[in-house]
K.L.:
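Supplied in structure tokens, the structure appears directly below.
Every heavy atom of this structure was used, including side-chain atoms; hydrogens, water molecules and symmetry mates were not.
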Amino acid sequence: MRVYLVATCLTITMILISGCQIDKKTDNTPFALDQMYRHSASYQIMMDIYNHQFSTWPRPSKNYFVPGSFGRTHILEWNKENADTLVLLHGAMGNVMLWGEDCIKQLNKTFHLIAIETIGDNVGLSEPKYWPIKRDSLKIWFLELLDSMNIYKVNLSGFSFGEWIALDFASNHPERVNKLMLIGASGFATPKKSFMLKMLYLTLQNSDKSLRKAFSLLHNPKYQPKEDNFVYFKTVFHNCRQVPQYPRRFRPEELKKIVVPTVVIIGKDECFFNVNKAEKWIKQNIKNSMVIMLEGAGHFIQIERPATVCSIIDNFNNQKKPLQ
């Protein structure tokens, strides 16, 4: 039994690391709640914790849904008059709260924010028509969404898998992007196999201690996450079925299509990727780009270092000259 379990874990991990070939299929599985959630009560548990934790956040100016061929997408806007618009894409297995309350508050001082909850991500409020939403469908979904919102050219910021979606969109539709302000190394390096195995081992133990250890690996070793954030992480793990959407590294010919000013903020304690390889890949393949490495920051840079991240984004947005 133990040998079988280990072999199964290794197989699953290698599928995840390889980038997952799931996206080669078509979106043809009608959506049902039990596809996305582990138990009959899981959906309500996730909605309760979403509403409870979001209740302390600054109230958005608008909170609405945009219908489309992939389903209803949940949008939150924090309006600021006469400010540039910044569109936010969160990471996988998350929602707008992955940006962190402090980051949203600070970005809203200088931007009109539009936070989009990825379609089919089962910890947000967006409702898919089909599930899972395949990785290669996300750029089509995002283009359709921008058209529905009458947004032609976008300032775009993405974190983790949201960064990957932003890169994929910018590579395929460079004419629709004004500036890219990215957080993390997603899409610029392959995930570390050793880290993925460690995370799989810890989560399979499914104890409070092992999940807390897995959660801590996502942060800078000296950072103390809020207990509410861990509770959220644990609740997601216990109630949501995960879709393996671990991002592949973009090929040089794809990245070279991105000609807009691009800043990439990476924590030096990033756990998923080799940050030095990611930095080299960016500089080699995105001409009009700059990379900023932050000390004392892990995967969740915008939560650990919100003031620094928001300052970088604001300054970059105000920079008028080409980077190179």
K.L.:
With side chains defined as the heavy atoms from C-beta onward, is the minimum distance between I116 and W141 less than 4.5 Å?
P.N.:
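SC-SC contact between I116 and W141 confirmed.
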
K.L.:
Do the side chains of Y43 and I45 join up, straight or via other hydrophobic residues, at under 4.5 Å, putting them in one cluster?
P.N.:
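Result: no, two separate clusters.
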
K.L.:
Do M36 and P128 have side-chain heavy atoms sitting under 4.5 Å apart?
P.N.:
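With C-beta onward as the side chain, the pair touches.
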
K.L.:
If a pair satisfies ring-ring contact (aromatic ring centres under 6.0 Å, His included) and one of its residues is in residues 73-101, list it, with sequence neighbours excluded.
P.N.:
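Every pair satisfying ring-ring contact (aromatic ring centres under 6.0 Å, His included) with a residue in residues 73-101: F65-H74.
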
K.L.:
Mind checking whether V123 and Y50 have side chains closer than 4.5 Å, heavy atoms only?
P.N.:
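When only atoms from C-beta onward are counted, Y50 and V123 do not touch, as no gap falls below 4.5 Å.
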
K.L.:
NZ of K198: more than 12 outside heavy atoms within 6.0 angstrom?
P.N.:
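Not buried by this count: 12 neighbours or fewer within 6.0 Å.
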
K.L.:
Does L86 reach the side chain of T110, with side-chain heavy atoms less than 4.5 Å apart?
P.N.:
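Not in contact.
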
K.L.:
Please report, to 0.1 Å, the donor-acceptor pairs under 3.5 Å made by any side chain of residues 150-158, with sequence neighbours excluded.
P.N.:
from : atom 1 : to   : atom 2 : distance (Å)
N155 : OD1    : N178 : ND2    : 2.8
N155 : ND2    : T85  : O      : 3.3
S157 : OG     : M181 : O      : 2.7

K.L.:
Looking at K226 and E101, is there a salt bridge between them, counting it only when a charged N and a carboxylate O are closer than 4.0 Å?
P.N.:
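Answer for the salt bridge query: no.
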
K.L.:
Tell me, do L89 and E163 make a side-chain contact under 4.5 Å, heavy atoms counted?
P.N.:
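Answer no - side chains too far apart.
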
K.L.:
Once salt bridge (charged side-chain N to carboxylate O under 4.0 Å, His left out) is applied, do any residues pair with K280, and if so which ones, sequence neighbours excluded?
P.N.:
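K280 satisfies salt bridge (charged side-chain N to carboxylate O under 4.0 Å, His left out) with no residue once adjacent residues are dropped.
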
K.L.:
Can you tell me if H52 has over 12 outside heavy atoms packed within less than 6.0 Å of its NE2?
P.N.:
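No, not enclosed.
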
K.L.:
Using the salt bridge (charged side-chain N to carboxylate O under 4.0 Å, His left out) criterion, which residues pair with R59? Sequence neighbours excluded.
P.N.:
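In terms of salt bridge (charged side-chain N to carboxylate O under 4.0 Å, His left out), with neighbours along the sequence ignored, R59 is linked to no residue.
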
K.L.:
Looking at residues at least two apart in the chain, or sitting in another chain, which of them share a salt bridge (charged side-chain N to carboxylate O under 4.0 Å, His left out) with E127?
P.N.:
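E127 satisfies salt bridge (charged side-chain N to carboxylate O under 4.0 Å, His left out) with R72 only.
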
K.L.:
Using a 4.5 Å cut-off on heavy atoms from C-beta on, say whether the side chain of M290 contacts that of V263.
P.N.:
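Contact flag for V263/M290 side chains = yes.
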
K.L.:
Using a 6.0 Å cut-off, check whether atom CD of E295 has over 12 heavy atoms from anything other than its own residue.
P.N.:
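No, the 6.0 Å shell around CD holds no more than 12 heavy atoms from other groups.
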
K.L.:
If you look only at pairs with a residue in residues 194-225, which of them pass as a ring-ring contact (aromatic ring centres under 6.0 Å, His included), with sequence neighbours excluded?
P.N.:
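Pairs touching residues 194-225 that pass the test: F195-F272, F215-H219, F215-F230, F215-F233, H219-Y223, H219-F300.
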
